[in-house]
Amino acid sequence: MSLVKDALDGVKATFTGLATTFREMVSPPVTIQYPEEKRPVRTRFKGRHVLKRYDNGLEKCIGCSLCSAACPADAIFVEAAENTDDERYSPGERYARVYEINMLRCIFCGYCEDACPTEAIVLGDNYELSFTSRRSSIYTKEFLLEPVPEGGKPTPQKVEPGVYTRSVPVMKDPED
Amino acid sequence: MSKEKLPYFLLRHREIPDLDNLEVYRRNGGFQAFEKAVTQMEPTAVTEVVKASGLRGRGGAGFPTGLKWSFIDNKNWPHYVVANADESEPGTFKDREIMEGNPYQFLEGVAICAYAVQANAAYIYLRGEFWDLAARLDQHIAALEAAGLLGENLFGTKYSLRIYTHLGAGAYICGEETALLESLEGKLGQPRLRPPFPPSYGLYGKPTIVNNVETLTNVPLIIEKGADWYRSMGTEKSPGVKIFSLSGCINKPGNYELPLGTTFRELIFEHGGGIPQGRNIKAIMAAGASSSLIVADERALDTPMDYESVPSVGAQLGSASVIVIDDSVSIPWLIDKTTHFFRHESCGKCTPCREGTFWMSHLTERIANGRARREDVELLYDVASQIRGKCLCALGEFSIEAVLSGIERFRSDFDVAVGEIQVAAQVEQVPASD
Amino acid sequence: MLAEKYAQEIQTILAKYPPDQRRSAVMPLLYLAQRDKMYVNREDMAEIAEILGITPTEVASIVGFYSLYYEEQKGKYHIQVCTDLPCALRGADRFMQELCARLNIRPGETTADGLITVEPVMCLAACDKAPMFQVQSGAGLSYYENQTVESALALIEQLRLDAARKRGRDSHV
Amino acid sequence: MMAKMVSLTIDGKHVEVPEGTLVVNAAKKVGVDIPVFCYHPKMEPVGMCRMCLVEIGRPMIDRATGQPLREEDGSLKIQFGPKLETACTTPVSEGMVVLGATEKAKAGREDNLEFLQTSHPLDCLICDKGGECPLQNLTMGFGPGESRYLYDEKKHLAKHVPLGELIYLDRERCIQCGRCVRFQDLIAADPVIGFSQRGRSLQIVTYSEPGFDSYWSGNTTDICPVGALTTTDFRFRARPWELRAAASICNHCPVGCNLTLNVRREAVSGGKWVVKRVMPRQNEAVNEIWICDKGRLGYHFGRQNAERLKKPLVRKNGELQSATWEEALELVAERFQGVGSGLITLASGRLSNEDLFNLGKLTQSLGGRSLLYTSMAGGDLTTQIGFAPGTNFADMGKESAILVVGSDLEEEAPLWWLRVRQAAKRGATLIVLNARNTKLDRDAHYSLRFPFGMAAAAVLALVNALSPKRPELPESIQELARSNELKGAAKAFAEAKDAVILFGSDGMGLAETQALAQACANLLLTTDHFGRPNNGLLGVWPRANDQGAWELGWQPSMNLPADLAQAQALYIVAADPVSDDPAYLNAFDGQKFVVVQDLYLSQTARLADVVFPAQSWMEREGSYTSGERRVQRYYPALQPIAALPPRVESPGTRRAPLLTGLRAELDGPQADFAIPAYLAEKLGFEGFAHASASLVFARLAAETPSFSGLTYQKLAEVHEQWPIVGRADMYYGGTAYENTQGLGAQLALAQNGASLLSWPQAADFKLPKLGGIAFPITRLYDRGATLMHSQLLHKRIGEPYIVLGEQEANRLKISQGGFVRLTFTESQQSVVVQVKVDKNLPERVVLAPRSFGLPVSGPTPVELKSAG
């Protein structure tokens, strides 16, 4: 009895296993053809930082260094300088002349994003962060800045005097 | 209260023509008091007579004059006397009339005060707008020097005295005595920290007596006729006569010299001829723009105007600059006027006054122009209360009186102002400017 | 140069104050400087500073603090209307508005001929005689009380005539 | 005399403080924070900002008995006033009860902060003060959290207002506390900024030319409780929390101000650590919490710029070419060997004690002469009767006398001017004895003028008025000698309990200052004012460590050009004689062997056979001896320049390179003390240390009597100072740094007691009938090597000029700003320079600023001709 039963169980088990195999044979594949093909990230994914611009092309970053102060990994280096109306990078007096993130140190905690008073630094979707040397692990401002939006002008801009006197725009409280 | 008309003591020029002529003034007993003081009295004796007369400062604070003189620091010399003729309180225009009409009595008062504290130099600090007046006073002083009533070795004694005029240049704050002294020293007219008070640390750091024009003008009479005579007028605690400057919604505005203790009713309706166009009286400001708004009810009208009684209706007598407000006036409009004034005149030295008057004036402007949010009246009240008790000098402290009393006592006017209902203001407003 | 032009006046002014307190003379000297042009320029401030042994900044502080001194050229005649509470209760605001309207300016502005500036000011201690104003010019300050718009315009006409006559005289010299 | 002590309680803490102490200070002493904005412990209170409001209660007194009333439990009955009171203006009184944490007091602070915020822009994010801002801190600590003021109604004002090219004003941020205005008026005595307008429009203005014309302007940015005032140097350069701090000592003048160098890595400098700003560091015995603008803004010469020497240079085929240290050292050692007395080592007081010690010792070992490169003598006397340990200007007041002679003190040593002035304000008798008017005259009780060239004679006239041993006085000083003013001054000086003399080199060279020092010493000896605290002689030296050089036995040559000309080998360190006076060119005839050791390739270095690159003071450790004989340590702020790639290491803690062996490892500039030690090693001399400054100092202390007992540890000792600054409560005293790295120590006086010296030469000095005499004067901002790298100050320095009296200018028909051809009678050199006119100068007198390229080392005959 038990022998027969054992044999039957064995067969059953085999087919149960094969059923999975056959099912997976016809279901769509999980793997994608990375890097030709890319999977979308979750909405709250924290990827590589992007430095944002206003619609007119001015940089949102005002060089306040609060991101750098907030960074627990000491990955961010900011060096500010003074804007003039002839050579304006951002609204207000101060802009980031140098903005660097050492991606070897970054832990993607997003504190920089939280600390930013102008919503200039945003952790984006990009997770492709390979580099071949320590030197190239330091992402510069030119690299991090998003492209000039349509209708905007690249920085530095020559602007009307007295228009961009405020560093921090009046922002509504976040609603979510 | 006796009703018989007293002769004029301060505004004597109204009875004696050409009193601004030295001859005329001397013919009417002028400079006898000064001569008597210098030749027959010890300086301290002069102070004692003034003390005994109960004369109190007529500039607003009501501080006993003789007592102030007795505080002069005799360890530090020289001494100075400064006459405060910076009359700038909206609603006050008495000193100007004295100095124009009865200048010699005022100058004699300055001289007696100077003798009492042994000052050899006295300055008359006039507001800059009194340009013509200053020139006339200079002539009067020259006349006195020519007549030997000012200068060296007066009346054959060792005492000498010079009086100088000094013009301000448009700053209400210089009516505050320490700001006045700073201004006289050629600095910004910002109040000093007190103590020390001027009788120990005044002009150029020297003991100085600063008195109002009207106060000093009382002095020759007191010396001439005695303290008891002076005490026979007015009330027990507020003896003497006072000039009440009456202005606003009144038929006969002007200066009225009356004994202290005269009621509001008598001043406004008997002397002032009542309210124009048969309108009703709504409120009274007893001390110019710095005063609380008194609800002009029967009780208030029957209140005697002296230093003790006015507080019973929630106000101060101050300089007795009575502004009458009739029922066509919107109180928010009124306090916008006063806060605008204080904002413009704040010297900027201390934070609550500098920022507070600025903020209040923003709010009152909004309220008066019907642009206010509902909570702005509460906020205005809070801001005004926030200023209280924190300022360096009286300007800031008094800038809130009209605001607080206005909101407390005339709340309905504010409700109208912040409501959607637009009430046509009686007087068109002019954009505020700094 | 003030020191040469007003040597006598300067001495008279300085004599009023103790010798070691010359600084007290800053306000009268500023009036002296303002007489010419109806404003005080930097050179005058520097010269007054020199006379008194203080810095030009200290002189400029005084000019800035007190409202009767001007750092900039405005009209030759400043018509300063008191619009404080007691005067306003007697129609001073309306008076000034109408006056300005008739002169085609706004309060604080100067007429097209550069002669007349109308501005509101704080209390002038003539509350019982409102509407009233003072006229500040090189000649000093004078009060005009119990005014109407018509009487004010008549005065302005007179001031303009005076100015024209003065200009004519100056051009002959 | 001890002040009466008063006891009171503040927020429940019992305090005992001297009578007259302000409540706010008493609170600070027991660690109770009463917030302030306008109050500053170095200035008289004004009670403007109303931030320090507290409840104050006082014991009730029974009018009849005069006794205090008591509660039932026996405690004092306390009466509180109806209003809050300002703690900054209220002096303590016995039994006072101060409450700063009650609801009423807290509400008062909240109210005030809300008021201040109504017009403050809240742009902390980009504000240079953000992070060390009193308004920010106090708002966090005591503020209402939210403002009810409508944002739209905020007043917008100019944010970029240059008060001058050094200081910027942000009108929006200003809270009208007046600290800056009061500082300039009361402490700096330059009321060149002031308030204009009134009420909410009150604003800071300056009408000076150039703007904010004061040597003290930078201090206003320290005490500004908001970011309204910023220096051009630091504006937007970094956030305060990103900076590291290294303790240092200013090396521009002999005061020895304690500094903090704030450093940070800088991308635009290629990622190097750089000094971002210079801040004062508290030392109440030296600079209190102030520094002058030269110290604050003139540091750039020590930075690692492109012009700095990085490698040794050796002359090959007539050209200076890069070489290895090994090569250069080897060559110098070889050439110095056996030169004996033919060697002259010429070094300046820009070097540290350790440098001078090793240089001197090497020279001595070789048998050469060590000469101090200076324009001022008299140090042999200041080492004997200089300031004794415990001397502090802060302790001088009533009963003290201060004589300043031959010195334009604010130009020569700004902080001493400030401290002397304050001593005079406290009641010290200040006697200013000069040939011309100086700023110090304003505060002097006796302001005496002597004829140009008669400084020593004028001091002898003072002695003459006191002493029976009357020195002979020349004719032209007789008038001064007979004056009652001088007699009064002499008497006041003699009768003062304590007295000091500061002598400078205004209008004088070596010979004249030597005579002056001797006369001053005689005056001190005659009046018995030496050898104890707050007495003695102070030299207002041209350089930071001149006193140290004298202490270590360095002396100047009275005839340096001749000495140099005769030498066979020269070792010139931190000195550039050729730029100063082309006459020195004669010494460089190509025959002798010349070694120059410096930061830059100076005019002198260009003539050398070997040039050693030296480290700047901010790259290394060392100590200076101030004029007050206080030895103070400075610490490295930057990593030294290295030709090899730098190791990533944090500065501030790093010590001088530890060299296990010389040669191949040596790279980049070396410390001035190390280079002579390397040479000594090459030459086989014993007893040199090169590994670290502390080792050198240990030897120095062991071998120099006046330094005996001093160690680096001792110099690093600190004690609590008042006022408290630089901690979390920087609102109180400003952003000056607390001193945690050492207050230094004053040198002991020479053991052998001083006795009356011979009278100095004081011959009659007559101005010529023709031509003129150029007298050297010192200007704070000069064209010397240390300032020309600070471009910020260039505008203030200006081009070379001379000063003439009105008569002289009229005679030459020249006015202010005109040009004149100045010919030096002896050398027949001539230059064209601009003229400034000072109406108080006599005829035939030409004032020639030092370090402006004019070869005037002492009174020099010149001829003048208008040059259009």
Side-chain angles (χ1 to χ4, degrees), chain B residues 169-174 179 183 187-196 340-363 365-366 371-373 375-376 378-380 382-393 395-397 399 433-434, chain D residues 36-39 44-53 55 81-86 88-91 104-105 107-120 135 144 147-150 152-155 174-178 181 185 191 194-204:
Chain B
Y172 168 70
I173 185 64
C174 292
S183 179
K187 299 172 186 161
L188 299 192
Q190 293 185 323
R192 292 177 184 168
L193 196 65
R194 293 179 300 172
H340 177 67
F341 173 77
F342 288 113
R343 164 194 173 171
H344 187 268
E345 296 299 342
S346 168
C347 79
K349 189 169 184 180
C350 75
T351 308
C353 174
R354 179 182 67 239
E355 307 290 344
T357 54
F358 184 72
W359 195 355
M360 284 201 301
S361 134
H362 260 306
L363 291 166
E365 211 175 292
R366 276 214 303 267
R371 290 188 291 108
R373 307 169 300 169
E375 61 268 34
D376 280 346
E378 299 302 325
L379 181 55
L380 175 63
D382 278 1
V383 172
S385 321
Q386 229 163 283
I387 297 173
R388 166 169 284 168
K390 298 197 185 72
C391 299
L392 189 64
C393 82
L395 187 150
E397 295 292 335
S399 70
S433 68
D434 278 54
Chain D
V36 293
F37 287 118
C38 70
Y39 178 72
E44 289 295 307
V46 283
M48 286 164 64
C49 76
R50 320 303 284 175
M51 192 60 213
C52 60
L53 292 170
E55 286 195 69
K83 288 191 195 175
L84 295 169
E85 294 181 50
T86 45
C88 79
T89 63
T90 312
K104 194 174 168 187
R109 289 170 190 174
E110 273 193 18
D111 293 350
N112 245 322
L113 280 164
E114 190 181 21
F115 277 141
L116 287 173
Q117 305 286 9
T118 57
S119 37
H120 194 77
L135 181 61
S147 171
R148 294 168 294 174
Y149 197 79
L150 284 188
D152 304 347
E153 290 184 343
K154 281 218 169 184
K155 202 162 178 163
C174 176
I175 59 166
Q176 288 82 22
C177 73
V181 174
D185 190 11
F195 277 123
S196 183
Q197 310 299 321
R198 65 189 190 215
R200 187 60 201 87
S201 303
L202 202 65
Q203 57 183 5
I204 306 289

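Convention: sequence-line order gives letters A, B, ...; per-chain numbering from 1. Because the structure is a prediction, the values reported are computed rather than measured.
Contacts of B:Arg366 with chain D are made by side-chain atoms alone, with heavy-atom separations under 4.5 Å and no backbone atom involved. Heavy atoms of B:Ile173 lying under 4.5 Å from chain D are absent altogether. If you measure heavy-atom distances from B:Cys391 to chain D, the contacts under 4.5 Å come from the backbone alone. Contacts between D:Phe195 and chain B at a heavy-atom distance below 4.5 Å involve backbone atoms as well as side-chain atoms. For chain D, the nearby parts of B:Leu392 are the backbone and the side chain; heavy atoms of each come within less than 4.5 Å.
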Verdict with reasoning, B:Arg373 to D:Leu150, per side-chain contact (heavy atoms from CB on, under 4.5 Å): CA-CA 11 Å; B:Arg373 307 169 300 169; D:Leu150 284 188; 3.4 Å; yes
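Ranked by heavy-atom pairs shorter than 4.5 Å toward chain D, the options B:Glu345, B:Arg388, B:Gln386 are led by B:Gln386. Counting heavy-atom pairs closer than 4.5 Å to chain B, the top residue among D:Leu84, D:Thr89, D:Thr86 is D:Thr89. Between chain D and the options B:Gly389, B:Gly356, B:Cys347, heavy-atom pairs under 4.5 Å are most frequent for B:Cys347. The candidate from D:Lys83, D:Arg50, D:Gln197 with the greatest count of non-hydrogen atom pairs under 4.5 Å with chain B is D:Arg50.
Applying the 6.0 Å contact sphere to CD of D:Glu44 captures no more than 12 heavy atoms from other residues, nucleotides or ligands.
Heavy-atom minimum distance, B:Leu193 versus D:Val46: CD1-O, 3.4 Å.
Side-chain atoms of D:Arg198 never come within 3.5 Å of backbone atoms of B:Gln190 as a donor-acceptor pair (strictly under, hydrogens ignored).
Between D:Tyr149 and B:Phe358, the ring planes lie parallel to each other; the angle is under 30°, not in the 30° to 60° tilted range.
When side chains are defined from C-beta on, D:His120 does not count as touching B:Glu355, because their heavy atoms never get closer than 4.5 Å. Here the side chains of B:Glu375 and D:Arg148 are not in contact, with every heavy-atom distance at 4.5 Å or above. B:Arg354 places a side-chain heavy atom less than 4.5 Å from the side chain of D:Leu116.
Distance CG/D:Asn112 to NZ/B:Lys390: 6.5 Å, rounded to 0.5 Å.
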